[in-house]
S.K.: 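Here you go, one structure.
These figures come from a predicted structure and were not determined experimentally.
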Amino acid sequence: MTTTVNATDDAALTRRVPGMGGSLSGVFGTPGNAAYSGRVSENETGTEPKTESHDPAVPAAYAAFMREGWGERELDLPVAAVAGPAAQRRTRLAEAFPGERLVLPAGGFKVRSYDTDYRFRPDTAHTYFSGNQTSDAVLVIADGESVLYARPRSSRDTDEFFRDRQYGELWAGRRPSLKEMSDSLGLEVRHIDQLDAMLQGTGKTRVLRGLSAHVDRMVAADETRDSDFARVASELRLIKDDWEVAQLQEACDITTLGFEDVVREWDRVLEFGERWVEGTFFRRARAMGNDIGYDSIVGGGKHATTLHWIENSGPITPGELVLLDMGVENTSLYTADVTRTLPVDGTFTDLQRELYDLVYAAQQAGIEALKPGETFRVGHNAAMDVLAHGLEDLELLPVSAEEALDPESRVYARWTLHGTSHMLGMDVHDCGQAAPESYAEGTLAEGMVLTVEPGLYFQEDDLLVPEELRGIGIRIEDDILITAGGSQNLSAALPRTSTEVEEWMARLRG
């Protein structure tokens with residue numbers, strides 16, 4: 001997925017895509033919900049269940065009867081795989097702010113339309129440091145201790161159990177109990193009702209803002225303190241440990257299967273167009289992962305020249321190219337971000353191959369430039385050098401390639417548009433609140449994962465290029481782990497060269 005090379009822009013591009021939490025055997029997720037019309041913020045729910053105007057009345061006799069005769073059971077859950085890494089992360093975060101209270105909300109449901117919510121996806125920092133994926137929870141780190149304040153399963157002593165459309169067990173599914181969450185996540189879990197008393201205590205407090213309106217009101221904001229907290233929480237995610245790398249590899253592997261699904265259904269793709277690609281890939285993401293990591297970009301023909309074309313409503317036309325920028329988010333919420341540009345006919349024309357091979361050469365140069373100690377921009381610079389000279393060979397530049405590459409010129413960027421790399425992890429544009437000197441202006445280190453995704457885009461109304469180039473867009477993107485000796489391509493299972501792409505499509509289409 002494209003981005004600029006500016007860390008601030010990177011943060012602005014970060015997508016908050018609705019997602020579904022993991023299973024009870026790992027980190028917890030909240031079942032899909034039918035929402036309510038009375039928009040009540042998290043932690044301000046009161047005692048009345050959330051219902052709709054069209055719901056039948058509940059007589060006292062029915063309500064009393066529904067509170068009787070239910071068995072109690074606790075699930076004996078194994079410790080979640082993320083529990084150990086999350087504990088270490090909390091220790092590092094606490095060490096960065098000794099003696100202070102740190103508040104990390106998970107966030108709540110977001111309205112899709114009137115009384116319907118998006119599927120819940122927790123805030124990345126909250127889950128990174130807690131492992132929790134349930135809604136409305138708040139992680140508090142203070143005095144060397146970590147406590148998760150969470151909304152547990154519905155009590156059978158209230159109407160919530162059978163009436164509440166957002167949290168009721170009979171409406172939205174069983175949420176884990178406090179004990180189940182604690183046993184699995186390996187940290188103390190208290191009822192969300194106890195949060196207010198904690199927040200009213202004295203002491204310096206930092207909050208990740210904009211996730212819980214209730215928390216934001218409870219704790220007076222300090223812009224400097226809170227923004228510094230967000231920065232550190234983001235920067236701690238820059239280096240991926242072995243467990244995280246395995247999660248990203250899994251996301252890439254499932255993404256590969258999703259791309260293969262699409263090509264296997266090419267007859268349907270030709271029949272139904274971009275929508276079929278989007279739907280086919282989403283099916284794989286939901287079957288084997290949590291969700292898509294961002295809205296899939298399926299650009300057939302001229303749509304490929306729109307960097308974030310997510311409408312995906314156009315045809316897939318023989319003779320043209322189709323750009324597929326798609327990534328699976330796995331159940332631990334780590335996402336892949338991969339782009340391939342395919343010939344709709346299964347074979348590139350001479351012109352398409354020439355342009356594709358140019359983009360491939362640029363990507364390969366960008367990947368080869370990556371290694372510990374190099375600047376974050378080294379891959380971008382290497383890729384742009386190849387593209388600028390290629391545009392010069394195509395006689396498109398108004399100046400020489402060397403002049404165009406001057407930072408005071410960059411006229412070549414008319415046809416490249418975006419930066420070549422962004423960090424990747426639990427967010428598709430990961431670590432977006434890190435300081436520039438740690439990210440866009442910093443150096444690469446072993447354990448970082450970033451994309452390399454150069455592209456060429458010739459708009460259909462660009463009168464400065466030959467007519468045969470207009471409406472062609474090509475991007476190739478892979479997910480690269482920085483290693484001690486250089487780098488490793490986590491998405492290498494998908495073919496990249498023009499010849500490999502043709503052979504791959506022929507094999508899958510049978």
S.K.: Does NZ or CZ of Arg151 lie under 6.0 Å from the centre of the six-membered ring of Tyr167, at an angle within 45° of the ring axis?
M.R.: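 Satisfied, under 6.0 Å and within 45°.
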S.K.: Would you say the side-chain atoms of His303 and Asn312 include a donor-acceptor pair closer than 3.5 Å?
M.R.: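 No, no side-chain donor-acceptor contact under 3.5 Å.
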S.K.: With Glu265, which of Thr280, Leu270, Val277 fulfils side chain to side chain contact (heavy atoms under 4.5 Å, CB included)?
M.R.: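 The side chain to side chain contact (heavy atoms under 4.5 Å, CB included) with Glu265 is passed solely by Thr280 among Thr280, Leu270, Val277.
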S.K.: Test your reading of the model: is there a side-chain donor-acceptor pair from Thr116 to the backbone of Arg112, 3.5 Å cut-off?
M.R.: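 Absent.
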S.K.: Would you please say whether a donor-acceptor pair under 3.5 Å links the side chains of Ser135 and Arg175?
M.R.: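 The criterion, which ignores hydrogens and geometry beyond distance, is satisfied for Arg175 and Ser135.
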S.K.: Looking at every non-hydrogen atom in both residues, tell me the closest pair between Ser130 and Leu139 and how far apart they are.
M.R.: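 Closest approach of Ser130 to Leu139: CB-CD2, 3.9 Å.
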S.K.: Can you tell me if Asn489 and Ser487 form a side-chain donor-acceptor pair at under 3.5 Å?
M.R.: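 There is no such pair (donor and acceptor under 3.5 Å, judged by atom type) between the side chains of Asn489 and Ser487.
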S.K.: So how far is it from Tyr334 OH to Trp243 CH2, rounded to the nearest 0.5 Å?
M.R.: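 One gets 5.0 Å once the value is rounded to the nearest 0.5 Å.
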S.K.: Is the side chain of Thr317 donor-acceptor paired with the backbone N or O of Glu320 at a distance under 3.5 Å, no angle test?
M.R.: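 The answer is no, because no donor-acceptor pair under 3.5 Å joins these two groups.
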S.K.: Any side-chain donor-acceptor pair under 3.5 Å between Glu403 and Ser409?
M.R.: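 No, no side-chain donor-acceptor pair sits under 3.5 Å.
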S.K.: To the nearest 0.5 Å, how far apart are CG in Asp123 and OG1 in Thr127?
M.R.: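 Here the interatomic distance stands at 7.0 Å.
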S.K.: Could you tell me if Glu329 and Thr335 have a donor-acceptor pair between their side chains, going purely by distance under 3.5 Å?
M.R.: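 Glu329 and Thr335 do not have a side-chain donor-acceptor pair below 3.5 Å.
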S.K.: Between Arg268 and Glu271, does at least one N-O distance fall below 4.0 Å, as a salt bridge requires?
M.R.: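 Here Arg268 pairs with Glu271 in a salt bridge, since their nearest N and O are under 4.0 Å apart.
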S.K.: What pair of heavy atoms forms the shortest contact from Ala125 to Leu208, and how long is it?
M.R.: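 Smallest heavy-atom distance, with atoms named: CB-CD1, 3.6 Å.
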S.K.: Mind listing the closest non-hydrogen atom pair of Asp479 and Cys252 along with its distance?
M.R.: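 Nearest heavy atoms, Asp479 then Cys252: OD2-SG, 3.4 Å.
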S.K.: Classify the angle between the aromatic ring planes of Phe281 and Phe259 as parallel (below 30°), tilted (30 to 60°) or perpendicular (above 60°).
M.R.: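 Perpendicular, since the angle between the ring planes exceeds 60°.
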S.K.: Examine distances only and state if a side-chain atom of Glu260 and a backbone atom of Leu508 form a donor-acceptor pair shorter than 3.5 Å.
M.R.: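 Here the side-chain-to-backbone pair does not exist.
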S.K.: Please find out if less than 6.0 Å separates the ring center of His429 from that of Tyr294.
M.R.: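 Not under 6.0 Å, so no.
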S.K.: Considering all heavy atoms of both residues, which atom of Asn132 and which atom of Ala137 are nearest to each other, and what is their separation?
M.R.: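 Minimum heavy-atom contact is ND2-CB, 3.4 Å.
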S.K.: Under a 3.5 Å distance rule, please check whether Glu453 uses its side chain to pair with a backbone N or O of Ile476 as donor and acceptor.
M.R.: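 Judged by distance alone, no pair lies under 3.5 Å.
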S.K.: Has Arg283 got more than 12 heavy atoms of other residues, nucleotides or ligands less than 6.0 Å from its CZ?
M.R.: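 Yes, CZ of Arg283 has more than 12 neighbouring heavy atoms, counting only those of other groups under 6.0 Å.
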S.K.: Got a donor-acceptor contact below 3.5 angstrom from the Ser234 side chain to the Cys431 backbone?
M.R.: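 Yes, the answer is positive, given that a donor and an acceptor are paired below the 3.5 Å cut-off.
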S.K.: Tell me whether Arg165 is salt-bridged to Asp115, with the criterion being a basic N under 4.0 Å from an acidic carboxylate O.
M.R.: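 Not counted as a salt bridge, because no side-chain N and carboxylate O are separated by less than 4.0 Å.
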S.K.: Side chain of Arg340, backbone of Pro495: donor and acceptor closer than 3.5 Å?
M.R.: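 Checking the backbone N and O of Pro495 against the side chain of Arg340, a donor-acceptor pair under 3.5 Å is found.
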S.K.: Output yes when a side-chain donor or acceptor of Arg475 lies under 3.5 Å from a complementary backbone atom of Thr305, and no otherwise.
M.R.: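 Checked: no pair found.
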S.K.: Go through the side-chain N and O atoms of Thr499 and Glu502 and say whether any donor and acceptor fall under 3.5 Å apart.
M.R.: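 Short answer, no.
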S.K.: Just to verify, what does Phe282 make a ring pair (Phe, Tyr, Trp, His ring centres under 6.0 Å) with, not counting sequence neighbours?
M.R.: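 Phe282: no ring pair (Phe, Tyr, Trp, His ring centres under 6.0 Å) contacts found.
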S.K.: Which residue pairs pass the side chain to side chain donor-acceptor pair (under 3.5 Å) test with at least one member in residues 356-367, sequence neighbours excluded?
M.R.: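 Side chain to side chain donor-acceptor pair (under 3.5 Å) check on residues 356-367 returns Asp357-Ser498, Gln363-Asp478, Gln363-Arg496, Gln364-Glu368, Gln364-Arg496.
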S.K.: Can you find a side-chain donor-acceptor pair between Trp309 and Glu274 that sits under 3.5 Å?
M.R.: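 Yes, a side-chain donor-acceptor pair sits under 3.5 Å.
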S.K.: For residues Gln352 and Ile474, report the shortest heavy-atom separation together with the two atoms involved.
M.R.: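 Here Gln352 and Ile474 meet closest at O-CD1, 4.3 Å.
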S.K.: Is there a salt bridge (charged side-chain N to carboxylate O under 4.0 Å, His left out) between Asp291 and Arg119? Walk through the geometry before answering.
M.R.: CA-CA 10 Å; Asp291 208 324; Arg119 184 182 292 118; 3.7 Å; yes
